[in-house]
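Structure first, then comments.
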Amino acid sequence: MTDFLGYTPRVDVLLEREDGSRRLWIEFEISRADPVANHAKFATAHLFQAQQETDSFISMVSSHVARGRRNLAANTISLMRHIGMSAFQTVLFPQIPREEIQRLNHLTLQRLQNLSLLVEPEIERAMSVSATILTASSRRIHFAGDMMDVMLNLRQWNYDVDTPQGKKLWGKRTITYFVFDPYSKSFAPSKFCAYIAIPSVFNSNVTNVGYINRVQMTVELYITLDGTDNRFDGHNAHKHLTQSLAMTPCKYNESSEIGFIFNEWLNHHSNRINVHPNGAVFLLPPSWFK
């Protein structure tokens with residue numbers, strides 16, 4: 001196939017279970033001008049030789065990749081899923097600023113080894129976002145792998161609860177932790193934002209863009225899961241957002257600017273949200289996402 005195509009999909013790391021039941025094809029995007037290139041190689045190769053059911057493609061994108069380019073790559077993952085691939089994107093070394101990533105990228109292998117960078121959390125993140133937590137309503141529930149997933153969930157919540165059906169399903173709930181989107185100046189419950197719902201089978205005959213990209217959590221699915229399955233857990237959601245995706249907690253009284261924006265947003269959603277008596281805590285995107 002390589003001789004025919006003139007290229008072959010290769011990855012930086014291949015993780016395989018000893019029994020061969022699971023393989024993770026992990027590609028690192030450190031500072032590429034075109035991080036979608038590897039997605040395209042794997043996707044087009046899949047057209048000629050289908051990805052095995054045991055395999056998942058995982059792109060790990062560092063903070064040095066510009067936000068627009070990393071978001072383009074994240075949305076390309078949706079297209080890969082639509083053609084039948086198991087594909088995910090997440091962040092590489094989310095706690096390391098982009099300037100430090102750039103410096104590290106120019107060090108020799110020996111100097112990198114001397115730094116003893118913690119690689120275990122990176123492996124755990126790749127395994128975590130690609131693992132199905134549970135299956136419900138013909139969808140596989142996963143942790144949100146990328147900040148793009150989180151922000152799309154936030155926007156989906158705000159859309160859903162403004163519909164008659166969404167208002168009825170959501171009712172009014174007490175919330176402590178809110179994800180903040182600095183671009184839309186809006187918020188959503190953090191647990192809602194921490195999970196995605198991948199269709200078990202994509203229908204290739206459906207061309208509606210909304211359907212193709214619909215891996216976001218919805219109010220309808222959230223209500224189905226909330227309180228009925230302990231694997232769909234708020235504590236795990238908070239841990240994933242703050243540790244795996246490096247979102248920063250900020251209490252209501254720690255930022256007057258965000259507090260003002262929150263009050264404006266809450267005025268619109270006062271019939272749907274009760275803030276916990278201990279006060280609201282905002283989860284802010286990492287600086288490299290802004």
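Each residue takes its place number in the sequence, starting with 1. Excluded from the calculations below are hydrogen atoms, water molecules and symmetry mates; all remaining heavy atoms, backbone and side chain alike, are included.
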* To do: Determine, stepwise, if the pair L115 / R111 fulfils side chain to side chain contact (heavy atoms under 4.5 Å, CB included).
  => CA-CA 7 Å; L115 292 174; R111 292 186 66 186; 5.9 Å; no

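- Atoms CG and CG, on L112 and L107 in that order, are 5.0 Å from each other to the nearest 0.5 Å.
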* To do: Go through the steps to decide whether R23 and Q52 satisfy the test side chain to side chain contact (heavy atoms under 4.5 Å, CB included), and finish with yes or no.
  => CA-CA 9 Å; R23 295 195 302 179; Q52 297 183 32; 3.4 Å; yes

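- Ionic pairing of D19 and R17 is not present here: no N-O contact between side-chain nitrogen and carboxylate oxygen is shorter than 4.0 angstrom.
- Annotation for R125 and S244: closest pair NE-O, 2.8 Å, computed over non-hydrogen atoms.
- Pairing each heavy atom of Q95 with each of T242, the nearest pair is NE2-O, 4.5 Å.
- For residues 35-46, the set of pairs meeting the side chain to side chain donor-acceptor pair (under 3.5 Å) definition, not counting sequence neighbours, comprises Y7-T44, E27-N38, E29-N38, H39-Q89.
- What you find for E254 and P249 is that their closest heavy atoms are OE1-O, 4.4 Å.
- Residues D34 and R69 are not paired through a salt bridge, judged by the lack of any N-O separation under 4.0 Å between the basic side chain and the carboxylate.
- Within the 4.5 Å cutoff, the side chain of L154 has heavy atoms near those of the S186 side chain.
- For the pair R67 and Y183, the distance from NZ or CZ to the six-membered ring centre is under 6.0 Å and the angle to the ring normal is within 45 degrees.
- A continuous path of ILVMFWY side-chain contacts below 4.5 Å connects L92 to L15, so both sit in one hydrophobic cluster.
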* Yes or no on side chain to side chain contact (heavy atoms under 4.5 Å, CB included) for L221 and R139, after CA distance, side-chain angles and deciding distance? -> CA-CA 9 Å; L221 181 57; R139 291 179 179 267; 4.2 Å; yes

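- Residues H240 and L245 are in side-chain contact: their nearest non-hydrogen atoms beyond the backbone lie under 4.5 Å apart.
- Between R231 and D233, the closest side-chain pair of non-hydrogen atoms is not below 4.5 Å.
- A donor-acceptor pair under 3.5 Å is formed between the side chain of S63 and the backbone N or O of I96.
- No side-chain donor-acceptor contact under 3.5 Å links S130 and H142.
- Side-chain N or O atoms of K185 include one that pairs as donor or acceptor with a backbone N or O of P182 at under 3.5 Å.
- The main-chain N or O of S138 is found under 3.5 Å from a side-chain atom of S200 such that the two form a donor-acceptor pair.
- Hydrophobic cluster membership is shared by I223 and I175, with clusters built from Ile, Leu, Val, Met, Phe, Trp and Tyr side chains linked at under 4.5 angstrom.
- Heavy-atom contacts from other residues, nucleotides or ligands closer than 6.0 Å to NZ of K172 number more than 12.
- Stacking of R173 on the aromatic ring of W170 is recorded, both the 6.0 Å distance cut-off and the 45° axial limit being met.
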* In sequence, state the C-alpha distance, the side-chain angles, and the governing distance for F57 and F88, and then conclude on ring pair (Phe, Tyr, Trp, His ring centres under 6.0 Å). => CA-CA 6 Å; F57 170 83; F88 301 88; 9.6 Å; no

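- For Q113, the CD atom counts as densely surrounded, since its 6.0 Å shell holds more than 12 non-hydrogen atoms of other residues, nucleotides or ligands.
- Across D149 and A144, no two heavy atoms sit closer than the pair CB-CB, 3.7 Å.
- The closest side-chain donor-acceptor pair between H269 and D162, if any, does not fall under 3.5 angstrom.
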* To do: Would you check, one step at a time, whether the test side-chain hydrogen bond (donor to acceptor under 3.5 Å, both in side chains) holds for S184 with D181?
  => CA-CA 6 Å; S184 66; D181 178 2; 2.8 Å; yes

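- Looking at W288 and P94, their side chains come closer than 4.5 Å, going by heavy atoms from C-beta outward.
- Looking at heavy atoms from C-beta onward, P199 lies in side-chain contact with V215 at the 4.5 angstrom threshold.
- E122 CD to M127 CE: the interatomic distance, rounded to the nearest 0.5 Å, is 13.5 Å.
- S62 places a side-chain N or O within donor-acceptor distance of the main-chain N or O of H64, the cut-off being under 3.5 Å.
- Contact check for V275 versus T174: no side-chain heavy atoms found under the 4.5 Å cut-off.
- Cluster membership check: M151 shares its hydrophobic cluster with V91, using side-chain heavy-atom separations under 4.5 Å among Ile, Leu, Val, Met, Phe, Trp and Tyr.
- Defined by atom type and a distance below 3.5 Å, a donor-acceptor pair is present between the side-chain atoms of S56 and R22.
- Between the CG atom in L104 and the CD1 atom in I30 there is a gap of 9.5 Å [rounded to 0.5 Å].
- Classified by interplanar angle (parallel below 30°, tilted 30° to 60°, perpendicular above 60°), the ring pair F42/W25 is perpendicular.
- Hydrophobic cluster membership is shared by F93 and I123, with clusters built from Ile, Leu, Val, Met, Phe, Trp and Tyr side chains linked at under 4.5 angstrom.
- From D146, atom CG reaches atom CG of N71 across 7.0 Å, with rounding to the nearest 0.5 Å.
- A donor and an acceptor atom, one from each side chain of T163 and D160, are nowhere located under 3.5 Å apart.
- Atoms CG and CD1, from L225 and I141 in turn, are 5.0 Å apart once rounded to the nearest 0.5 Å.
- Proximity of Y177 to L241: side-chain heavy atoms (C-beta onward) are nowhere separated by under 4.5 Å.
- Taking the side chain as every heavy atom from C-beta outward, M217 and I196 never approach each other to under 4.5 Å.
- A donor-acceptor pair under 3.5 Å is absent between the side-chain atoms of H268 and the main chain of E264, judged by distance alone.
- The closest side-chain donor-acceptor pair between Y252 and N263 falls under 3.5 angstrom.
- For Y195 and Y222, the ring centers sit 6.0 Å or farther from each other.
- Exactly one residue among I273, L266, L283, I258 makes a side chain to side chain contact (heavy atoms under 4.5 Å, CB included) with F178. That residue is I273.
- Transitive grouping of hydrophobic side chains (ILVMFWY, heavy atoms separated by less than 4.5 Å) keeps L72 and V150 in distinct clusters.
- The two atoms that bring C193 and N153 nearest to each other are O-ND2, 3.0 Å, heavy atoms only.
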* List the steps, then state whether side chain to side chain contact (heavy atoms under 4.5 Å, CB included) holds for V179 with F187. => CA-CA 5 Å; V179 169; F187 301 78; over 6 Å; no

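- In this structure, E220 places its CD atom where only 12 or fewer heavy-atom neighbours from other residues, nucleotides or ligands lie under 6.0 Å away.
- For the residue pair S31 / N105, a side-chain donor-acceptor distance below 3.5 Å is found, with atom types taken as modelled.
- Between K191 and D226 there is a salt bridge, since at least one side-chain N of the basic residue sits less than 4.0 Å from a carboxylate O of the acidic one.
- With sequence neighbours excluded, no residue satisfies ring pair (Phe, Tyr, Trp, His ring centres under 6.0 Å) with F28.
- In this structure, the side chain of S255 does not engage the main chain of K251 through any donor-acceptor pair within 3.5 Å.
- Rounded to the nearest 0.5 Å, atoms OG (S86) and CZ (R140) are 6.0 Å apart.
- Looking at every heavy atom in both residues, P285 comes nearest to M147 through CB-CE, 4.0 Å.
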